[in-house]
Undergrad: 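Below: one structure in structure tokens.
Numbers restart at 1 for each chain; the letters A, B, ... are given by sequence-line order, proteins then strands. This one's a predicted model, so the numbers in the text were calculated from it and none came from an experiment.
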Amino acid sequence: MKRMMPCATRAFLWENDMSWQPNPLEEQRLEKLARLREAGIEPYPLRVERSHTTAEAIAAFEAAAEGDTVAVTLCGRLLSVRDMGKSVFADIADESGRVQLFLRRDDVGEEAHAHFRKLLDLGDFISASGEMFRTRMGEVSLHARGWTLLSKAISPLPVAKEQEVDGQVVRYSAFADLEERYRQRYADLAVNPEVRDIFRARARMVSALRRFMDDNGFLEVETPILQPLYGGAAARPFTTYHNQLKQELYLRISFELYLKRLLVGGYERVYEIGRDFRNEGVSFKHNPEFTQLEFYAAYWDYRDVMDFTERMLAAAARETLGTTTITFQGHTIDFGAAWQRLTMRDAIRQFAEIDYMDYPDATSLAKAIKDIGGEAPPNAPWGKLIDGLLGDFVEPRLIQPTFILDYPRDISPLAKSVPGDPLHVERFEFFIGGMEMGNAFTELNDPQEQRRRFEALQETFGKDDEERNPIDEDYLRAMRYGMPPNGGFGMGIDRLAMLLTDSRTLREVLLFPHLRERDE
RNA sequence: GACUCCGUAGCUCAAUCGGCAGAGCAGGGGACUUUUAAUCCCAAGGUUUUGGGUUCGAUUCCCAACGGAGUCACCA
């Protein structure tokens, strides 16, 4: 509803109906907040003492000699309380881990003890001071001599109970509703530590990729996201508008045409890690905005890029997970070995049992595809039919890392032709876990040929086809100054994160995946 | 965009054929000075996503809207 409303209506709602109304649990916490203030306790103090993280405190205790006291002040979020009356056990968690507090009335005083039991809630941030010790049950804990409120939580976090069984943490009634987890990712992260781990792994992975590029002499650059023309891929763009310039702009669908301009400028190896935007459908492997790594290397061809890709992904897996053998959705995938290399024609012959070279035009190929039970959209160009065969019959079978090379020329306007073969270009895509992971080619650097390819594309895709890219005259001008021969590469970072974190959908590796707006 | 399934307490889930909407956790009151899914006692918590319809009676059946999940389409 809301997304359909004109702005004036939305402003009205904003001012009138959309304000937060506390639920009964929140009312109770607001009452506790008031009582804390009455007792002279500031619920949101400015400054905080912390001597150790919880992990450091436990390590310091384990390292200390018998009988030495390890005095600490720890900070964290209250995640569990076991109230025994005159003594209380509680768990506080910080980013390094979790530690148990042991808090006795006789140690902290009657008032602090009562306030702890009656005015604190799960989700509150506190600090606690005392000495580390080991309980009778053997758990290294903090024997608290005092505590301080750091931040009062008004809304209850969906905290789950946990039990350790054979070293495995079993959680009961975990916060699991997918929609709420994505909409309220902050709550998801706060209560589901394994979700925090996914984004740590992703960060290690991106860092490893960046280091690999840097170590191989690539220069990291940033190119425009707001572009007057879009190109470099076949996708519908998002449009936006610059008020002062009175100019329609597109959010980029790829980095390609700008990065290759930089080769004209004299850089030999450039890369960019950033966001692309494609106005297309959403699925487990598609999000309207996604992160891409693209690089271009002068004097390389697509075989050099293949060799480099193998080494790059092995390094990413090794530095993210400590191994090049990963598990993805029940499959064991090996990044370490040399990858399989199959031409597109052989792959389709093998999996779809059709040799598209027997059908040299779109009409006869479409008929052949239908004869084997495949789908052939009307008016699709020849190359697109072939790519459809690959997607339907081959892609889901490519679990181990595989290069599919030599793509149809009519759908590859930026790649150089295979010598002596007018129908194919030196292009590969690579597939892992049944997903397309990236796309690369020996880049076309002949400006006249490039113009002919752009113009042919206008014919291939009809005038009304939204995938039809506008011709980028400035890109052609750049190429006329001379572009070194080069190999280029693009890869979906989010999909690689899926693989390395064994995530079933892209949404699990995006902190804030796109969801439809909802009236609250 | 199409089809299928789903939406019940803060969280996780029940509710038989259409017959008074329940439980665990969390929260509230109480007991307990080494517990760890603490335990025990008591009380409370609901516009069953929203709006219509059928019916004596709807969480349940029908229609629509909203949101989500899945499949497909789209995605060189």
Side-chain angles (χ1 to χ4, degrees), chain A residues 1-4 22-29 31-32 80-91 98 100-107 113 118 121-123 133-139 141 143 155-165 169-183 187 191 232-236 253-254 278-286 288 290 375 377 380-388 390-391 407-415 425 427 429 436 439 441 457 460-461 465-469 504-505 507 515-520:
Chain A
M1 285 294 283
K2 199 163 65 179
R3 73 208 149 89
M4 303 299 290
N23 68 34
L25 295 177
E26 291 166 334
E27 296 277 14
Q28 285 175 355
R29 289 183 178 215
E31 177 62 28
K32 290 178 183 180
S80 137
V81 175
R82 295 171 294 284
D83 184 354
M84 307 286 295
K86 293 188 183 65
S87 70
V88 183
F89 290 89
D91 294 338
R98 177 189 272 250
Q100 177 171 257
L101 302 185
F102 175 56
L103 186 129
R104 275 194 312 203
R105 190 183 65 177
D106 293 350
D107 298 325
H113 174 255
K118 294 299 159 194
D121 288 289
L122 302 191
F133 78 116
R134 193 182 296 275
T135 66
R136 258 179 227 162
M137 301 297 288
E139 180 166 350
S141 306
H143 192 148
S155 298
L157 274 176
V159 286
K161 291 232 168 182
E162 290 181 352
Q163 181 186 26
E164 210 164 293
V165 181
V169 175
V170 179
R171 200 165 311 136
Y172 301 84
S173 304
F175 182 50
D177 183 278
L178 290 177
E179 180 176 355
E180 292 308 322
R181 283 187 47 228
Y182 300 145
R183 285 193 194 279
V191 303
R236 279 184 281 169
I253 58 173
S254 85
R278 294 186 185 176
N279 210 336
E280 311 278 1
V282 178
S283 80
F284 77 94
K285 50 182 177 177
H286 297 269
F290 62 101
E375 305 242 349
W382 189 70
K384 199 159 176 173
L385 290 172
I386 293 169
D387 199 43
L390 189 82
Y407 271 60
R409 195 175 85 155
D410 61 343
I411 55 167
S412 311
L414 299 162
V425 292
R427 168 181 174 188
E429 294 192 335
E436 179 196 334
N439 185 16
F441 16 97
L457 206 65
T460 303
F461 296 94
D465 197 313
E466 286 170 290
E467 288 169 19
R468 193 184 61 125
N469 286 196
R504 201 171 49 85
T505 83
R507 288 183 288 266
L515 295 182
R516 206 182 285 269
E517 192 175 16
R518 183 175 68 177
D519 287 321
E520 296 287 342

Undergrad: Using a distance-only criterion (donor-acceptor N/O pair, under 3.5 Å, no hydrogens), is the base of rU35(B) paired with the side chain of Glu139(A)?
TA: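 Under the 3.5 Å cut-off, the side chain and the base do not form any donor-acceptor pair.
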Undergrad: When all nucleic acid strands are considered with a 4.0 Å heavy-atom cut-off, which category describes Arg98(A): base, sugar-phosphate, or nothing?
TA: nothing
Undergrad: Give one of base, sugar-phosphate or nothing for Ala160(A), where a contact means two heavy atoms less than 4.0 Å apart.
TA: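 Counting heavy atoms under 4.0 Å across all strands, no contact is made by Ala160(A).
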Undergrad: In whole Å, what separates the C1' atom of rG45(B) from that of rA58(B)?
TA: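 The answer is 23 Å between these two C1' atoms.
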Undergrad: If you measure from the P atom in rC6(B) to the same atom in rG18(B), how many Å do you get, rounded?
TA: 15 Å
Undergrad: Using the side-chain heavy atoms of Arg236(A), tell me which of these nucleotides is nearest: rA76(B), rC11(B), rC74(B).
TA: rC74(B)
Undergrad: Please measure how far the C1' atom in rG7(B) lies from the corresponding atom in rU60(B), and state the result in whole Å.
TA: 14 Å
Undergrad: Can you tell me how far C1' in rU59(B) sits from the matching atom in rA14(B), rounded to whole Å?
TA: 12 Å
Undergrad: Given rA26(B), rU34(B), rA69(B), which nucleotide is nearest the side-chain atoms of Leu122(A)?
TA: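 Nearest nucleotide to the side chain: rA26(B).
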Undergrad: For a quick test of reading the model: is some side-chain N or O of Arg29(A) closer than 4.0 Å to OP1 or OP2 of rG10(B)?
TA: no
Undergrad: Contact class for Arg134(A) vs. all strands (heavy atom < 4.0 Å): base, sugar-phosphate, or nothing?
TA: nothing
Undergrad: So which one's nearest nucleotide on RNA chain B is more toward 5', Arg105(A) or Phe284(A)?
TA: Arg105(A)
Undergrad: Describe the nucleic acid contact of Phe175(A) in one word from base, sugar-phosphate, nothing, applying a heavy-atom distance below 4.0 Å.
TA: sugar-phosphate
Undergrad: Check every strand shown and say whether Leu515(A) touches a base, only sugar-phosphate, or nothing at a heavy-atom separation below 4.0 Å.
TA: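 Result for Leu515(A) = sugar-phosphate.
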Undergrad: Check the distance between rU8(B)'s P and Glu179(A)'s CD and give it to me in whole angstrom.
TA: 10 Å
Undergrad: Under 4.0 Å, counting only non-hydrogen atoms across every strand here, what does Gly383(A) touch: a base, just sugar-phosphate, or nothing?
TA: nothing
Undergrad: Do Tyr407(A) and Leu390(A) have side-chain heavy atoms sitting under 4.5 Å apart?
TA: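 Sidechains of Leu390(A) and Tyr407(A): in contact.
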Undergrad: For a quick check of understanding: with a heavy-atom distance under 4.0 Å over all strands, which category does Thr135(A) fall into, base, sugar-phosphate or nothing?
TA: base
Undergrad: Less than 3.5 Å between a donor and an acceptor, one on the side chain of Arg136(A) and one on the base of rU34(B), is that the case here?
TA: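 Looking at the base of rU34(B), it does not pair with any donor or acceptor on the side chain of Arg136(A) (distance under 3.5 Å).
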Undergrad: What I'd like to find out is whether the side chain of Arg104(A) reaches to under 4.5 Å of the side chain of Lys86(A), using heavy atoms alone.
TA: no
Undergrad: What is the nucleic acid contact for Phe133(A), judged by heavy atoms within less than 4.0 Å: base, sugar-phosphate only, or nothing?
TA: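 Base contact - Phe133(A) has a heavy atom under 4.0 Å of at least one base atom.
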Undergrad: Using modelled atom types and a 3.5 Å cut-off, is there a donor and acceptor pairing between side-chain atoms of Arg278(A) and backbone atoms of Ile253(A)?
TA: yes
Undergrad: Would you say the base of rA37(B) stacks on Tyr172(A) (centre-to-centre below 5.5 Å, plane angle below 30°)?
TA: yes
Undergrad: What distance, rounded to whole Å, do you find between the two P atoms, one in rA73(B) and one in rA15(B)?
TA: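 So the two P atoms sit 35 Å from each other.
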Undergrad: Give one of base, sugar-phosphate or nothing for Glu180(A), where a contact means two heavy atoms less than 4.0 Å apart.
TA: nothing
Undergrad: Could you tell me the separation between the CD atom of Glu26(A) and the P atom of rA26(B), rounded to a whole number of Å?
TA: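 My rounded result for the distance is 18 Å.
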Undergrad: For the pair His143(A) (side chain) and Thr135(A) (backbone), establish whether a donor and an acceptor sit closer than 3.5 Å, ignoring hydrogens and angles.
TA: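 Not at all, since once roles are kept as given, no pair shorter than 3.5 Å links the two residues.
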Undergrad: Round to the nearest Å and state the distance from Gln163(A) atom CD to rC25(B) atom P.
TA: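 Checked: the CD to P distance equals 14 Å.
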Undergrad: Working note: Val81(A) + Leu122(A), criterion side chain to side chain contact (heavy atoms under 4.5 Å, CB included); need CA distance, chi angles, decisive distance, verdict.
TA: CA-CA 8 Å; Val81(A) 175; Leu122(A) 302 191; 4.0 Å; yes
Undergrad: Specify the separation, in whole Å, of atom CZ of Arg181(A) and atom C1' of rC11(B).
TA: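 Between C1' of rC11(B) and CZ of Arg181(A): 14 Å.
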Undergrad: Within the side chain of Glu280(A), is there an N or O that forms a donor-acceptor pair under 3.5 Å with the backbone of Arg236(A)?
TA: yes
Undergrad: Closest approach to the side chain of Arg507(A), judged atom by atom: which nucleotide of rU12(B), rC75(B), rA69(B) is it?
TA: rA69(B)
Undergrad: Please lay out, stage by stage, how Glu162(A) and Arg98(A) fare under the test side chain to side chain contact (heavy atoms under 4.5 Å, CB included).
TA: CA-CA 12 Å; Glu162(A) 290 181 352; Arg98(A) 177 189 272 250; 3.9 Å; yes
Undergrad: Please measure how far the P atom in rC74(B) lies from the corresponding atom in rU55(B), and state the result in whole Å.
TA: 46 Å
Undergrad: May I ask you to decide whether Asp410(A) forms a salt bridge with Lys384(A), counting only side-chain N to carboxylate O separations under 4.0 Å?
TA: no
Undergrad: Which part of the nucleic acid, if any, lies within reach of Lys118(A) when heavy atoms closer than 4.0 Å are counted: base, sugar-phosphate only, or nothing?
TA: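 Sugar-phosphate only.
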Undergrad: Give the nucleotide from the list rU35(B), rU12(B), rA26(B) with an atom nearest to the side chain of Lys161(A).
TA: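 Minimum distance to the Lys161(A) side chain belongs to rA26(B).
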Undergrad: How many Å lie between CZ on Phe89(A) and P on rA37(B), as a whole number?
TA: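 Rounded to the whole Å, the gap is 13 Å.
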Undergrad: According to a strict under-4.0 Å criterion, is Arg516(A) in side-chain N/O contact with OP1 or OP2 of rG68(B)?
TA: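 Result: yes.
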Undergrad: Counting any heavy atom closer than 4.0 Å, what does Pro408(A) reach on the DNA or RNA strands: base, sugar-phosphate only, or nothing?
TA: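 No contact at all - Pro408(A) keeps every heavy atom at 4.0 Å or more from the nucleic acid.
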Undergrad: Within the structure shown, what part of the strands sits under 4.0 Å from Gly388(A) by heavy-atom distance: base, sugar-phosphate, or nothing?
TA: nothing
Undergrad: Can you tell me how far P in rA21(B) sits from the matching atom in rU48(B), rounded to whole Å?
TA: 10 Å
Undergrad: Give one of base, sugar-phosphate or nothing for Asp91(A), where a contact means two heavy atoms less than 4.0 Å apart.
TA: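 Contact class for Asp91(A): none.
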Undergrad: Taking only the C1' atom of each, what is the distance from rU54(B) to rA69(B) in whole angstrom?
TA: 30 Å
